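Predicted model only: the values in this text are computed from it and were never measured. Below, read A as the first sequence line, B as the second, and so on, with proteins coming before strands; counting in each chain starts at 1.
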Protein chains: 2
Amino acid sequence: MGRGKIEIKRIENANNRVVTFSKRRNGLVKKAKEITVLCDAKVALIVFASNGKMTDYCCPSMDLGAMLDQYQKLSGKKLWDAKHENLSNEIDRIKKENDNLQLELRHLKGEDIQSPNLKNLMAVEHAIEHGLDKVRDHQMEYLMTKRRNENVGGGESATQFPAATTGDGYS
Amino acid sequence: MGRGKIEIKRIENANNRVVTFSKRRNGLVKKAKEITVLCDAKVALIVFASNGKMTDYCCPSMDLGAMLDQYQKLSGKKLWDAKHENLSNEIDRIKKENDNLQLELRHLKGEDIQSPNLKNLMAVEHAIEHGLDKVRDHQMEYLMTKRRNENVGGGESATQFPAATTGDGYS
DNA sequence: GCTACTATGTATAAGTT
DNA sequence: TAACTTATACATAGTAG
């Protein structure tokens with residue numbers, strides 16, 4: 001255009017290339033603004049010069065993030081959704097696990113037993129009893145260790161806790 | 001331009017606006033392609049018509065995702081990073097909650113009792129006993145309901161379960 | 001929506017300062 | 001280097017199909 005027709009291929013002269021870039025980039029932004037105003041259009045434009053410098057334009061009525069959300073919806077192409085999908089999936093997975101844990105916990109506490117039948121209730125009961133046994137084992141171990149240590153340290157009197165074999169004396 | 005100069009303001013005639021949009025959008029994309037080729041530039045362009053239809057162009061040498069990464073770096077503006085951060089935070093939060101639930105559950109099962117002292121052990125024991133009581137209450141209720149229903153339906157014989165007031169007969 | 005026409009306004013390539 | 005000039009090519013408004 002201008003003083004001579006040019007082919008649309010890379011401008012070899014570096015100086016001309018830079019000058020032309022500058023002019024055309026300004027022209028492009030101007031046109032983008034014009035179509036925005038004239039036609040109620042939404043436009044986003046990002047231009048990188050070969051030296052890395054960036055110019056951008058985004059219509060005032062929608063921010064770039066919203067434009068790109070829309071772009072993803074309409075084009076079906078993923079920009080950040082791919083990354084987000086992974087994270088979202090993990091959230092769902094963990095939440096589900098969380099729910100299951102909550103439910104199990106509530107059952108062990110005797111709460112929220114929605115569909116009681118004898119088999120389930122007895123299974124829960126056995127689970128709880130098993131836990132109770134184990135906790136009492138821990139108590140035993142603790143007490144015996146404590147008494148042993150006291151006997152080593154002083155030995156003058158028995159503790160107030162009776163000697164007991166693991167698993168009885170509490171139920 | 002063309003048959004008359006126009007002001008850069010919204011074209012009120014809807015038909016003209018649509019026609020002009022179409023022409024200018026094509027012109028914009030053409031210019032974007034030209035500057036890409038002529039000047040080694042990287043260009044991304046997204047245009048939404050007022051009817052929601054989208055047109056986009058991205059230079060062949062860099063995909064839109066890469067352009068936007070670069071945009072975020074150079075502009076300092078967040079596009080998806082913000083969302084990303086939110087999701088990551090939520091994952092952390094849920095995982096923590098999850099860990100707490102797991103621990104509580106293991107304690108109720110008598111497992112993973114790391115720092116046993118009598119006070120903690122007895123607290124756990126009481127929690128478990130409380131749960132056990134409640135489960136046994138459920139069992140009672142179930143059995144009594146069942147027997148009541150059987151008596152209404154036939155009434156010829158007692159069930160094999162003894163009548164019991166809530167809270168005894170099991171421990 | 002799109003193509004075609006065409007008069008006219010703009011953008012811009014190359015030259016100049 | 002960039003700003004200015006200007007001839008020319010291009011884009012496009014209005015219109016019709």
Decide yes or no on salt bridge (Lys or Arg N to Asp or Glu O under 4.0 Å) for E90(A) and K95(B), but give the supporting numbers first. CA-CA 10 Å; E90(A) 192 172 357; K95(B) 273 190 177 163; 3.3 Å; yes

Practice problem: Find out whether I46(B) and L68(A) are in side-chain contact, i.e. whether some heavy atom of one side chain is under 4.5 Å from a heavy atom of the other. | Solution: yes

Taken to the nearest 0.5 Å, the spacing of I11(A) CD1 from T20(A) OG1 works out to 3.5 Å

From CD of E7(A) across to P of dT8(D) the rounded distance in Å is 20 Å

Separation of dG1(C) atom P from R17(B) atom CZ, nearest Å, is 12 Å

Expected list for residues 44-59 of chain B near DNA chain D, using heavy atoms below 4.0 Å, is none

Scoring nucleotides 12-17 of chain C by protein non-hydrogen atoms under 4.0 Å (B base, S sugar-phosphate only, - none) yields BBB---

For V47(A) and L28(A) the tightest heavy-atom approach is CG2-CD2, 4.3 Å

Separation of dA11(C) atom C1' from I8(B) atom CD1, nearest Å, is 13 Å

When rounded to whole Å, the NZ to C1' distance for the pair K33(B) and dC10(D) reads 17 Å

In terms of heavy-atom contacts, T36(B) and C59(B) come closest through CG2-CB, 3.8 Å

Give a yes or no on whether the backbone of C39(B) and the side-chain of R17(A) come within a donor-acceptor separation of less than 3.5 Å. no

Value for CD1 (I8(B)) from NZ (K33(A)), rounded to nearest 0.5 Å, stands at 12.0 Å

With a 3.5 Å distance limit and no angle check, can you tell me whether Q72(A) reaches the backbone of L79(A) through a side-chain donor-acceptor pair? yes

With five pairs defining each end axis, the helix from dC2(C)-dG17(D) to dT17(C)-dA2(D) comes out bent, to 10°, by 40°

Problem set entry | Under 3.5 Å donor-acceptor, E85(A) side chain and W80(A) backbone | no

| query | Under 3.5 Å, is there a donor-acceptor pair between the side chain of Q139(B) and the main chain of L121(A)? | reply | yes

